[in-house]
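Values reported hereafter were calculated over all heavy atoms of this structure, with side chains retained and with hydrogens, waters and symmetry mates removed. Every chain is numbered from 1 and lettered A, B, ... according to where its sequence line falls, protein lines coming before strand lines. None of these values were measured; they are calculated from a predicted model.
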Amino acid sequence: MNYWLVKSEPTSWSWDQQVAKGAKGEAWTGVRNHTAKQNLMKMKKGDRAFFYHSNEGKEIVGIVEIVREHYPDPSDPTGKFVCVDLKADKPLKNPVTLNAIKADKRLSEMALLKQSRLSVQPVTADEWKIVSRMGGL
DNA sequence: GCCAACGTTGGC
DNA sequence: GCCAACGTTGGC
């Protein structure tokens, strides 16, 4: 199983909206960046991803599960980009803020810090464990 | 194919 | 609101 991190501005798509979609999940569309696309294409059904609120909050608020692997993004008229379906798995008891991640030396290599603009990022198994623990899971 | 101009993202 | 990072566009 691989681990990921997806980012969204809560004003356009929030964790609460994701939760409201329930077990069926929702398409994660709108990725228009090739690096992010590569990551979407590596996602497998059953993989988990942190759900990060950028801009407002700047914290990891929950965990989502990939329920459908990549397929053409219906919101992309050129047909070049892909999306996956994600469903909310569980919320973090304590959201993990960007500041908390920066403060932990073990997390200094996270893509979130190194490539802050990348909207779909890989997370290592170690990073996953550390952040999950910080989040109270 | 290079590179300057420009737009967008996202932290501060 | 500013600015750094970085991707994209378009002229040459």
Partners meeting ring pair (Phe, Tyr, Trp, His ring centres under 6.0 Å) with A:H53 (sequence neighbours left out):
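So A:H53 forms a ring pair (Phe, Tyr, Trp, His ring centres under 6.0 Å) with A:F51.
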Restricting to pairs with a member in [range], which pass salt bridge (Lys or Arg N to Asp or Glu O under 4.0 Å), not counting sequence neighbours?
range                       : value
residues 82-94 of chain A   : A:R48-A:D89, A:E65-A:K87
residues 28-39 of chain A   : A:R32-A:D73
residues 118-137 of chain A : none

Which residues, if any, of residues 33-43 of chain A bring a heavy atom under 4.0 Å of DNA chain C?
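Those residues are A:N33, A:H34.
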5'-most to 3'-most nt of DNA chain C touching chain A (<4.0 Å, heavy-atom partner on protein side) reads C:dA5 to C:dT8
Only counting residues at least two apart or in another chain, list the ones meeting side-chain contact (heavy atoms from CB on, under 4.5 Å) with A:P122.
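With sequence neighbours excluded, A:P122 shows a side-chain contact (heavy atoms from CB on, under 4.5 Å) to A:W4, A:N39, given in chain and number order.
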Set of salt bridge (charged side-chain N to carboxylate O under 4.0 Å, His left out) partners for A:D16, sequence neighbours left out:
none
Residues clustered with A:F50, ILVMFWY side-chain links under 4.5 angstrom:
A:M1, A:Y3, A:L5, A:Y52, A:I60, A:I63, A:L92, A:V96, A:L98, A:I101, A:L107, A:M110, A:L112, A:L113, A:V123, A:W128, A:I130, A:V131, A:M134, A:L137
